[in-house]
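Here's the structure we're looking at; comments come further down.
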Amino acid sequence: MTFPAHRIRHPLPPAHWPTREDAARARWFSPIRIGRQLTAAERTWVPAMVPWRATDDGVVTPEVLEWYARFAEGQPGVLVVEATGIRDVASGPLLRIGDDRFIPGLQTLVETVRERSRGRTRVFIQILDFVTVRRRPEPERFFGRYLEITDSLRAQLALWLDDRRWRDRSESDVREFLLGADRVTIETVLTDRELEALDYGYRERVWDVHLPHIRDLPWVLPGLFAEAARRAREAGFDGVELHYAHAYTMASFLSRLNARTDGYGGSREHRVRLPLEVLAAVRARVGDDYVVGIRYLGDEVIEGGSDLDDAIWFGVRFAAAGVDYLSVSKGGRFEDAKQPKIGEAVYPYTGESGYECMPTVLSDARGPFGRNVPLAAAIRRAIRSAGLRTPLVTSGGITTFEQAEGILERGEADCVAAARQTLADPDWFRKIRLGYGDLVRRCEFTNYCEGLDQRHKQVTCKLWDRKFEPGDPAVRLASDGRRRLGAPSWSPPGEAGVDAPAG
Ligand SMILES: Cc1cc2nc3c(=O)[nH]c(=O)nc-3n(C[C@H](O)[C@H](O)[C@H](O)COP(=O)(O)O)c2cc1C
Ligand code: SF4
């Protein structure tokens, strides 16, 4: 099946919500030990979601605090804070942890989650590195400035035009010619990477070792990740999650496409080397008693990419190296992403691998619900066969209690995460636990939120807007003035004080 062939519209799976007494006996609401010392009160989990609410300097804002406060009110066992940059470089409204000046804001975030979850939710932060991805340029700019006019490009022109004089033509002559050239000429004389830079925007690979800053990644990243983890600990987070998934640097090191020949690419042993070195550096900096988890891909879902066999092999190595949990995701790569409009950057959730990462109700026969569970299950089996107890977290299309409970019962994972369902209704875990499951606002899995993420707009859920009167001064709106910024509030009737802090 190819991505455009998704055609069946699947209904939401029916939900039979447990009574409060049944929920109290449920596996999903039972505690779990993560790492040496930490216990989460339940196995409900909110995976990282970027809401695009930080400042352009990467600092926590009141809107960021409100976003996490709202999730905390639902009292999940674990709440993972969005992908947060480990470098101190401009990266738009994405949180950063690349300098000590970010610690106070993050500390407030942690305190907010503790307070609003009444101490029940454990809060981790996902830390990531990424390499350069530029917007798709105007052809005038590309040919006028960005494209490097090399001797080899001149030679290609001379060959294609059957005119040796092109070998000596001035840079401005070449630029002017290319700007007016037809598509066949462009495709013939540019290299694949130059053509990609024109059509999609310039994008670095971790195997571009001719670039010194890319060549040096194995020497730079362990220290950067370790320092970021140290700051996370200082800010009071219960743990850090190393982002080895989706389109970013560490996932690319693990990828079968990683062709580095310096001992950090090629074979599985070499591809996992830097991810293990980063893990070791982080562990050395934060100590054995601090939770260090990894989120990575059970399958890249791209041509020539890593598959489940690789993921099983990596998972056993991560577990043997002492990672405290593994959270398994799928896809979300740049390689198969759609061409962006001019002025926009390529978005890694627009191709088939993107579909697999955040599947919608418009799907193949298998449908979007629990679609990624077999990956976590296979990795977990291999880890258990190796005699290791590392907890596995699964996510992807989880929207009912039965789904989650079935996954735990069958031993397919140890924790069950829900991103979009929790966005639709941040209270849903608590509603189910307290016997109010029939009040859950169910995610429709049509990805309005993901569309906002794609445009780096403040992420909200379309369902929240069904519950407000425009002009109501009590409701805060997104910066475009048209959407609710937060989910409608909920509290259980007469239920104050029922939620004991986790032990
Ligand atoms: C708005 C949005 C932002 C996301 N940001 C991240 C992120 O920062 N890091 C990450 O690992 N996954 C991110 N994801 C992926 C989710 O964590 C999750 O893996 C995916 O949505 C599938 O789970 P679901 O079906 O429960 O939504 C994001 C998803 C959404 C919808
Ligand atoms: S916007 Fe749509 S897909 Fe996203 S959380 Fe809301 S209902 Fe679910």
Side-chain angles (χ1 to χ4, degrees), residues 12-13 44-54 67 70-71 76 78-85 91 93-95 124-128 130 241-248 250-251 293-298 326-333 347-349 353-363 367-373 375-376 393-400 403-404 407 415-426 428-429 440-467 478 483-484 487-488:
L12 295 183
T44 57
W45 190 290
V46 186
M49 270 182 283
V50 168
W52 299 109
R53 292 173 187 217
W67 171 263
R70 200 61 196 82
F71 286 126
V78 171
L79 169 56
V80 185
V81 167
E82 68 202 74
T84 300
S91 25
L94 190 74
L95 283 182
F124 302 160
I125 184 166
Q126 186 181 62
I127 55 177
L128 102 154
F130 48 88
E241 179 173 283
L242 309 179
H243 197 348
Y244 289 3
H246 308 152
Y248 311 108
M250 299 305 288
I294 288 177
R295 190 164 214 221
Y296 81 117
L297 296 176
L326 289 170
S327 172
V328 180
S329 186
K330 188 180 184 189
R333 299 284 303 165
Y347 179 70
Y349 304 101
S353 76
Y355 171 81
E356 294 289 347
C357 188
M358 300 183 209
T360 67
V361 283
L362 207 57
S363 185
F369 302 110
R371 191 176 171 94
N372 302 345
V373 174
L375 304 175
V393 185
T394 188
S395 56
I398 303 298
T399 178
T400 71
Q403 275 181 306
I407 289 166
C415 294
V416 181
R420 287 166 296 172
Q421 174 54 58
T422 315
L423 178 60
D425 187 349
W428 84 300
F429 299 121
V440 168
R441 189 170 42 248
R442 296 194 60 192
C443 172
E444 294 179 359
F445 293 92
T446 48
N447 279 6
Y448 167 86
C449 50
E450 185 249 0
L452 295 167
D453 177 51
Q454 177 166 176
R455 282 169 282 146
H456 296 190
K457 291 178 87 170
Q458 289 170 315
V459 173
T460 59
C461 169
K462 68 174 186 182
L463 302 180
W464 302 346
D465 294 330
R466 297 195 184 155
K467 243 196 145 186
R483 302 172 281 132
R484 273 188 90 110

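It should be emphasised that the depicted structure is a prediction, and the values quoted were computed from it without experimental measurement. Below, each value reflects all heavy atoms present in this structure, side chains not excepted, and no hydrogens, waters or symmetry copies. Each ligand, and each atom within it, is numbered from 1 in the order the structure gives.
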Working note: Asn372 + Val328, criterion side-chain contact (heavy atoms from CB on, under 4.5 Å); need CA distance, chi angles, decisive distance, verdict. CA-CA 8 Å; Asn372 302 345; Val328 180; over 6 Å; no

CA sep, side-chain torsions, deciding dist, call: Phe445, Leu362, side-chain contact (heavy atoms from CB on, under 4.5 Å): CA-CA 9 Å; Phe445 293 92; Leu362 207 57; over 6 Å; no

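The nearest protein atom to atom 8 (O) of ligand 1, hydrogens excluded, is given as Val50 CG2, 3.1 Å; this is a heavy-atom distance. The protein non-hydrogen atom at the shortest distance from atom 9 (N) of ligand 1 is Gln126 OE1, 2.8 Å. In this structure, the protein non-hydrogen atom closest to atom 29 (C) of ligand 1 is Met358 CE, 3.5 Å. The single protein non-hydrogen atom nearest to atom 13 (C) of ligand 1 is Ala48 O, 3.0 Å, given as residue, atom name and distance. Of all protein heavy atoms, the one lying nearest to atom 26 (O) of ligand 1 is Ala419 N, 2.7 Å. Of the protein's heavy atoms, Arg420 NE, 2.7 Å lies nearest to atom 27 (O) of ligand 1. Looking only at protein heavy atoms, the nearest one to atom 2 (C) of ligand 1 is Met49 CG, 3.8 Å.
At least one N or O atom of Arg295 sits closer than 3.5 Å to an N or O atom of ligand 1. For ligand 1, the polar-atom distance check finds an N/O of Gly397 within less than 3.5 Å of one of the ligand's N/O atoms. For ligand 1, the polar-atom distance check against Cys449 finds no nitrogen or oxygen pair separated by under 3.5 Å.
Counting heavy atoms closer than 4.0 Å to ligand 1, residue Glu450 contributes nothing at all. At a heavy-atom distance under 4.0 Å, only backbone atoms of Cys357 (N, CA, C or O) approach ligand 1. Counting heavy atoms under 4.0 Å from ligand 1, residue His243 touches it through the side chain alone.
Around atom 4 (Fe) of ligand 2, the protein N, O or S atoms found under 2.8 Å comprise Cys449 SG.
Side-chain atoms of Arg70 come within 3.5 Å of backbone atoms of Ala487 as a donor-acceptor pair (strictly under, hydrogens ignored). The closest donor-acceptor contact from the side chain of Asn447 to the backbone of Thr360 lies at 3.5 Å or more, if one exists at all. The closest donor-acceptor contact from the side chain of Arg295 to the backbone of Leu326 lies at 3.5 Å or more, if one exists at all. When atom types are taken as modelled, the side chain of Gln458 and the backbone of Asp453 share no donor-acceptor pair closer than 3.5 angstrom. At distances below 3.5 Å, at least one donor-acceptor pair connects side-chain atoms of Trp464 with backbone N or O atoms of Leu423.
When all heavy atoms of Val459 and Arg483 are compared, the pair lying nearest together is C-NH1, 4.5 Å. Between Ala48 and Gln126, the shortest heavy-atom distance links the atoms CB-OE1, 3.3 Å. Here the closest non-hydrogen pair linking Arg442 and Pro13 is NH2-O, 2.8 Å. In terms of heavy-atom proximity, Asp465 sits nearest to Arg484 at OD1-N, 2.8 Å.
Per-residue contacts place Ala418 under 4.0 angstrom from the following atoms of ligand 1 (heavy atoms of the residue considered): 26 (O). Each of the atoms 17 (O) of ligand 1 lies under 4.0 Å from some heavy atom of Pro47. Counting atoms of ligand 1 from 1 in the listed order, those under 4.0 Å from a heavy atom of His246 are 10 (C), 11 (O), 12 (N).
Between His456 and Trp52, the ring-plane angle classifies as parallel under the 30° and 60° cut-offs.
Under the 4.0 Å criterion applied to side-chain N and carboxylate O atoms, Glu82 and Arg53 are not assigned as salt-bridge partners.
Side-chain contact check for Pro348 versus Tyr248: some heavy-atom pair is nearer than 4.5 Å.
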